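What follows is a short report on a single structure.
What you see is a predicted model, and the numbers here were worked out from it, not measured in a lab. In what follows, chains are A, B, ... by sequence order, proteins preceding strands, each numbered from 1.
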Protein chains: 2
Amino acid sequence: MEQIETAPPPSRPAAKATGKREQTKQQNRQIILDAARIVFAEHGYGATTVRDIIRATPLASGTFYNYFQSKEEVYQAMQDETALVIRPKLREAREKATTVEEFISATFQTFFEFVLRDGVDVRALRHNADTMRMRMDTPEVIAGFDELREDIEKAIARGLFPPVDADYLMASIVGVAFEISERMARRAEADAKAAADFATALFLGGIRSLPHIANGNPADSGA
Amino acid sequence: MEQIETAPPPSRPAAKATGKREQTKQQNRQIILDAARIVFAEHGYGATTVRDIIRATPLASGTFYNYFQSKEEVYQAMQDETALVIRPKLREAREKATTVEEFISATFQTFFEFVLRDGVDVRALRHNADTMRMRMDTPEVIAGFDELREDIEKAIARGLFPPVDADYLMASIVGVAFEISERMARRAEADAKAAADFATALFLGGIRSLPHIANGNPADSGA
DNA sequence: TGGGAAGTTGACGGCGTGTCACCAATCTGT
DNA sequence: ACAGATTGGTGACACGCCGTCAACTTCCCA
């Protein structure tokens, strides 16, 4: 297991808003987070200990507790980091939408593409004895859900959507997005476009208008 | 914290297929499982230890390991128990279906009603710091998913469904079922019928035919 | 340059883990 | 009905992880 260190500072004298103390603090926090990502992915969430994380680091065990209370909190910070990356993308994608189709399609397409590209979590989260999944609804993740619901409510107000239960609709989109993204990532030829097309069609027109394929057999079967 | 014991045997001499040894084994296993349900619900999964479980029991710590390898395995056994209860209900409900509407509606209705009645897990599973959700896909749970996919494939073969990606459709139903059931359980007036109507309409006709409610405000939806 | 503040370190007491030698209860064959 | 064999319960033990804290090092500012 490699130890994680940030690259040596390129000695930029200017544009330095913070002192050495503050710099080191941010650095240490990031060192711990980076190490945690690797260790979680390697051993699974349940099996990793705070000691495992800190051992993958040049820091001492006591230092860990200056930054996080527990491995749960590290995990939460990781989730927040991820949520903060994807949320603006989703928001932006939906903002451009002028039709229901664009709204739904943009949401799924953006999400699935993100999962395939940066989907480190998906693999890491489930490593737990290969059967345990975890989802932590951190403040930033919940904020992402709220944004989706707000956007739905706005769309309803604009007359873009009919007046439906925005909470349940948001929940449905979230459920389909997470569940399909897992299946998608397992397929030999993971295809974000195809997955987004499926989900979009489902939400747009329901089962009757789902894309037809050759037989009942999809591209290929996962597990 | 109460200790869990099974009721004293009513001294039924007949209909006894097993010896004392075998009886005690099944009893102990059940004692541990019952205690685990309570302890998990009380402290949350992450915070409970094998010791917590065994302390809620008249058994010794070593005995635990004669039945389970870890708390994960206890949890898995709990999930399997639950899955074995609901799977036949779901299967039976779908078997009667002669139309798409019946198929979908029966699935959601059965699931949501089960969650509301026996939904101990839902509360227990998420107790973890109030932000951590867990889902363990145990063999029996996976078998339940497989059954749903098989039923979809059969329905496609019978011409009941158009030829769609059965795997993704199954995943979507599962995702919507889990995600909505959580929101439903949180609502002041949890209504399985309303939730099932929403999910059914979503899958039957898509967003355009979702049930309309007064305004964008949830609470509950009519029909 | 010196004194105080901030942060790091690693050893420590407490606890949970999984094991194992020992023992009690049950079973089996006569 | 009894004794030896077998199964399984018991709790103490060695080990490792947890979170803390007094001592120490580094940085900041006057």
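Defined by atom type and a distance below 3.5 Å, a donor-acceptor pair is missing between the side-chain atoms of Glu22(B) and Gln27(B).
Salt bridge Arg133(B)/Glu182(B): present, at least one basic N to carboxylate O contact under 4.0 Å. Under 4.0 Å is where a charged nitrogen must lie from a carboxylate oxygen, and between Lys89(B) and Glu113(B) no such pair does. Using a 4.0 Å cut-off between charged side-chain N and carboxylate O, Asp151(B) and Arg91(B) make a salt bridge. Arg183(B) and Glu179(B) are joined by a salt bridge, as a carboxylate oxygen and a charged side-chain nitrogen come within less than 4.0 angstrom of each other.
An end-to-end axis angle of 20° holds for the helix from dT1(C)-dA30(D) to dT30(C)-dA1(D), taken from five base pairs per end and rounded to 10°.
In this structure, Gln27(A) places its CD atom 15 Å from C1' of dC27(D), rounding to the nearest Å. In this structure, Phe68(A) places its CZ atom 15 Å from P of dC18(D), rounding to the nearest Å.
The side-chain heavy atoms of Val141(A) and Thr82(A), taken from C-beta on, include no pair separated by under 4.5 Å. Put simply, the side chain of Ser172(B) reaches to within 4.5 Å of the side chain of Phe203(B), judged on heavy atoms.
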What is the per-nucleotide protein-contact pattern of nucleotides 6-18 of chain C, from the 5' end, where B denotes a base atom under 4.0 Å from a protein heavy atom, S denotes such proximity for sugar-phosphate atoms only, and - denotes neither?
BSBBBB----SBB

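Across all non-hydrogen atoms, the minimal contact from Ala199(A) to Val176(A) is CB-CG1, 4.1 Å.
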